[in-house]
Amino acid sequence: MNHFYITTPIYYVNAEPHMGHAYTTIVADVMNRFHRLLGYRTFFLTGTDEHGDKIVQAARGAGMDPKSYADRISRMFRDTWPTLNVRNDRFIRTTDPEHIRVVQAILQHVYDAGDIYFSHYRGLYCVGCERFYTERELVDGKCPDHDREPVEREEANYFFRMSKYQQWLIDTINDQPALIRPERYRNEVLAFLREPLEDLCISRPKERLAWGIPLPFDDQYVTYVWFDALINYVSALGYPDGSLYREFWPAVQHTIAKDILKPHGIYWPTMIKAAGLPLFQHLNVHGYWKIDEGKMSKSKGKVVRPLDLASKYGVDAFRYFLLREMVFGLDANFSEEALVQRLNADLANDLGNLFSRTLAMTDKYFAGKVPPFTATATELDEQLQQQVARAAAEVVAEVPKFGFHKALMAIWECLNAANRYVDHAAPWNLAKHPAHQDRLKTVIRTLLEVNKVTAVLIAPFMPETAEKILARLGCSKPSLELRLADDGQWGTLEEGRAVSKGEALFPRIETKEPKPERQASPPVAQEAEGRSRLLPFDRFKELDLRVGVVKHAERIPKSKKLLLLKVDLGEERQVVAGIGQTHTPEELIGRQVLMVANLEPAKLMGYESQGMILVAEDGERLRLLTPEQPVKAGASVS
RNA sequence: GGCGGUGUAGCUCAGUAGGCUAGAGCAUGCGGCUCAUAUCCGCAGUGUCCGGGGUUCGACUCCCUGCACCGCCA
């Protein structure tokens with residue numbers, strides 16, 4: 001049986017779970033669920049990283065000891081994942097006794113092999129922080145926390161002979177083009193490696209930092225950061241003798257954000273090599289979410305945190321958004337507005353409505369029972385079935401490469417095709433004539449099958465939704481037990497089985513305030529031959545015409561015709577005017593112009609226009625209207 | 001200062017391992033259907049594919065260069 005082992009980084013317990021953590025972990029969950037769907041034996045690991053001076057300080061600040069503090073934050077991470085429908089097999093903590101044992105075993109092994117040595121180094125040390133600073137961390141040569149100059153100090157520490165493995169690593173990355181992916185990050189690592197690699201300091205004296213794992217060969221020192229944290233990937237499997245280790249290593253893929261590329265792309269492989277283990281399969285690196293807080297709703301003056309939106313709009317909608325919106329590897333924008341847009345357009349309108357209309361017709365025409373295929377498949381039917389097969393093939397091709405957005409696009413093309421199919425087959429017409437009963441059965445059955453197969457394809461991304469759909473189609477199954485080879489087969493719905501319509505899968509989120517109702521305009525006399533209408537005087541009086549003075553004018557980038565003006569009408573108005581081909585901004589400033597002052601504001605090229613400048617059209621040319629003598633700004637016109 | 005990335009439709013972004021009229025979604029306008037969550041289907045658009053040079057029969061795609069923004073390193 002094929003094996004698949006996926007990891008997230010272990011998260012440092014100096015901060016609460018946020019978007020970045022959530023994305024990495026959800027991605028790993030999707031990969032895990034997808035490989036289970038394909039029938040792999042899988043293992044999914046996440047956890048927390050709990051040693052180091054920052055934790056000691058944070059704990060002190062909270063009036064706690066480091067372990068209690070780490071317990072608390074670690075618990076927050078552990079509790080967050082189930083709420084996002086993440087199903088990890090193991091949650092490791094670097095304070096777990098078996099982790100500590102494995103770290104020490106590997107340190108000893110590497111030490112015995114001669115790749116760890118003892119050495120002195122000099123550096124700038126802040127007595128207040130009890131740590132060394134690099135020059136660039138200092139502000140005006142001073143410690144940023146204590147505002148005092150660090151002292152030069154010498155310290156002895158243990159170093160990992162990383163430089164020894166530089167050429168090996170370069171060769172390995174060159175030999176395995178997809179070892180680090182996407183390619184941009186592979187290139188970045190190779191760029192690092194063009195410079196000589198320094199050895200890695202891996203210890204801290206206990207007198208300075210006691211909150212760590214003691215070195216097995218020197219009890220006056222603890223190991224620092226990397227030999228502690230990175231080793232979790234094997235310690236969680238019970239290295240070296242555990243059955244999980246034998247089963248799942250090296251069928252492992254790591255998932256990280258780009259900020260920890262260097263430790264995972266350089267330190268970790270050289271450590272693995274020094275420890276004598278086989279290398280991981282892939283290091284998968286993703287980008288950042290830029291949070292647009294301007295587009296996050298605010299209630300009670302409090303900014304909504306992205307993770308709160310998972311409970312507000314549903315976990316599956318949240319997961320769908322993250323996976324559909326970000327191209328793995330690139331940065332993406334996150335906002336509540338964009339989430340709601342995806343939810344409405346993709347989930348409510350396309351997916352949810354297709355399911356809803358399918359079940360409604362099954363209800364109406366066949367008393368809610370799955371009908372048989374009774375007519376020979378037409379070209380229309382076959383095309384749709386092929387579209388489903390293509391979607392499945394695309395999902396199988398893309399998800400292993402972390403091409404989630406492409407996989408989802410393929411599924412959605414299939415949903416769109418199904419919606420088109422409904423229109424073309426027009427079941428409501430077939431239902432009118434008994435002669436078309438067989439055809440109607442086949443059409444509805446085809447639609448039910450499409451819903452079923454797409455539900456299975458969606459399961460790794462939106463497990464809850466998949467379960468709901470399948471349950472209502474009468475083939476209920478826990479999402480983790482679905483298998484593409486069986487459950488994803490076409491035509492496997494049970495004939496005569498009752499389906500249940502139920503609530504909407506994704507109710508639309510209403511965002512727009514209802515359009516202001518247009519005043520029903522009173523009938524207006526219309527002259528023959530489409531000439532100007534005659535307007536009652538009352539309506540003319542509704543126009544607020546004024547004289548304005550142009551205070552400022554500039555071209556709107558990327559537009560030939562539009563100028564952005566600031567006009568003094570007694571009050572200042574921003575106006576977008578389409579006179580850029582006949583007038584330059586310079587010649588407009590200071591001019592008096594005639595304006596409609598009570599026009600509904602409109603957005604042009606992204607700029608709000610709060611009025612309209614009047615011009616006379618003389619063929620191609622536009623002439624501004626101006627009072628014969630200057631008048632005061634805002635003077636009314638009648 | 002060095003390295004890397006990004007710059008494509010009003011907005012958010014795909015895409016092209018060089019080739020006929022450059023794509024999607026949203027937003028906009030018009031039309032159609034009525035099974036459905038006022039949903040769905042069809043049609044209509046708009047782009048100096050950041051600027052400038054070069055290679056080529058041909059560049060949005062390759063090379064050089066400039067600008068803007070972002071990241072990493074020193």
Side-chain angles (χ1 to χ4, degrees), chain A residues 134-137 182-195 198 257-263 265-266 285 287-288 290 292 295 321 324-335 337-366 398 403-406 408-410 412-413 415-432 440 443-444 447 451 501-512 514-515 556-562 576 602-609:
Chain A
T134 62
E135 286 197 20
R136 88 183 261 269
E137 286 177 307
E183 199 179 2
R184 63 204 310 125
Y185 297 109
R186 170 180 187 261
N187 292 339
E188 214 162 297
V189 169
L190 286 170
F192 280 134
L193 289 170
R194 278 197 288 272
E195 304 294 320
E198 309 235 320
K258 63 184 180 181
D259 58 333
I260 46 174
L261 175 60
K262 199 170 172 181
I266 295 178
V285 189
Y288 289 148
K290 287 181 286 183
D292 189 345
K295 290 183 178 175
F321 177 81
R324 175 63 185 80
E325 198 76 1
M326 178 176 265
V327 177
F328 190 85
L330 301 179
D331 292 352
N333 301 308
F334 186 93
S335 70
E337 198 178 295
L339 171 63
V340 168
Q341 190 180 298
R342 281 276 176 215
L343 171 57
N344 279 343
D346 297 358
L347 300 180
N349 295 354
D350 293 345
L351 174 71
N353 185 54
L354 175 66
F355 187 58
S356 169
R357 69 201 301 208
T358 302
L359 289 194
M361 288 188 283
T362 310
D363 248 3
K364 189 164 178 176
Y365 304 137
F366 302 112
E398 287 298 334
F404 308 116
H405 76 291
K406 286 189 182 171
L408 289 169
M409 276 164 68
W412 255 257
E413 273 169 30
L415 297 173
N416 293 337
N419 273 321
R420 270 197 300 278
Y421 175 86
V422 176
D423 273 29
H424 290 154
W428 48 91
N429 286 337
L430 298 174
K432 289 174 190 161
L440 180 61
V443 167
I444 298 302
L447 284 167
N451 276 284
K501 181 145 170 20
E503 297 289 294
L505 292 173
F506 297 97
R508 277 184 69 85
I509 311 296
E510 290 310 327
T511 50
K512 283 182 199 158
K515 278 187 182 172
I556 290 182
K558 294 191 200 169
S559 169
K560 283 180 193 162
K561 287 166 71 172
L562 298 185
V576 178
K603 260 198 172 180
L604 297 165
M605 298 284 284
Y607 297 89
E608 182 166 280
S609 183

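Here is how names work: the chains are called A, B, and so on, in the same order as the sequence lines, proteins then strands, and each is numbered from 1.
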At 4.0 Å (heavy atoms only), tell me whether A:Arg508 reaches a base, stays on the sugar-phosphate, or touches nothing.
base
Is there a donor-acceptor contact under 3.5 Å from the side chain of A:Tyr185 to the main chain of A:Gly329?
yes
Can you name the ring pair (Phe, Tyr, Trp, His ring centres under 6.0 Å) partners of A:Phe506, sequence neighbours left out?
none
So which nucleotide from B:U39, B:G42, B:A36 ends up closest to the side chain of A:Asn349?
B:U39
With a 4.0 Å cut-off on heavy atoms, is A:Ala360 in touch with a base, just the backbone sugar-phosphate, or nothing at all?
sugar-phosphate
Identify whether any heavy atom of A:Leu354 sits under 4.0 Å from a base atom; if not, whether one sits that close to sugar-phosphate; answer base, sugar-phosphate or nothing.
nothing
Considering every strand and a 4.0 Å limit on heavy-atom distances, what is the contact class for A:Asn419: base, sugar-phosphate, or nothing?
sugar-phosphate
Nearest-nucleotide pick for A:Ala504, side chain only, options being B:C35, B:G25, B:U37
B:U37
Mind checking who B:C13 pairs with, Watson-Crick or G-U wobble, both distances under 3.5 Å?
B:G23
Considering every strand and a 4.0 Å limit on heavy-atom distances, what is the contact class for A:Asp350: base, sugar-phosphate, or nothing?
sugar-phosphate
Would A:Asp423 and A:Arg357 pass as an ion pair if we require N to O under 4.0 Å?
yes
Base, sugar-phosphate, or nothing for A:Glu325, non-hydrogen atoms under 4.0 angstrom?
sugar-phosphate
Measure from the side-chain heavy atoms of A:Leu505 and tell me the nearest of B:U37, B:C33, B:A36.
B:U37
Mind checking who B:G1 pairs with, Watson-Crick or G-U wobble, both distances under 3.5 Å?
B:C73
Which nucleotide wins on minimum distance to the side chain of A:Asn416, given the candidates B:A36, B:C41, B:U37?
B:C41
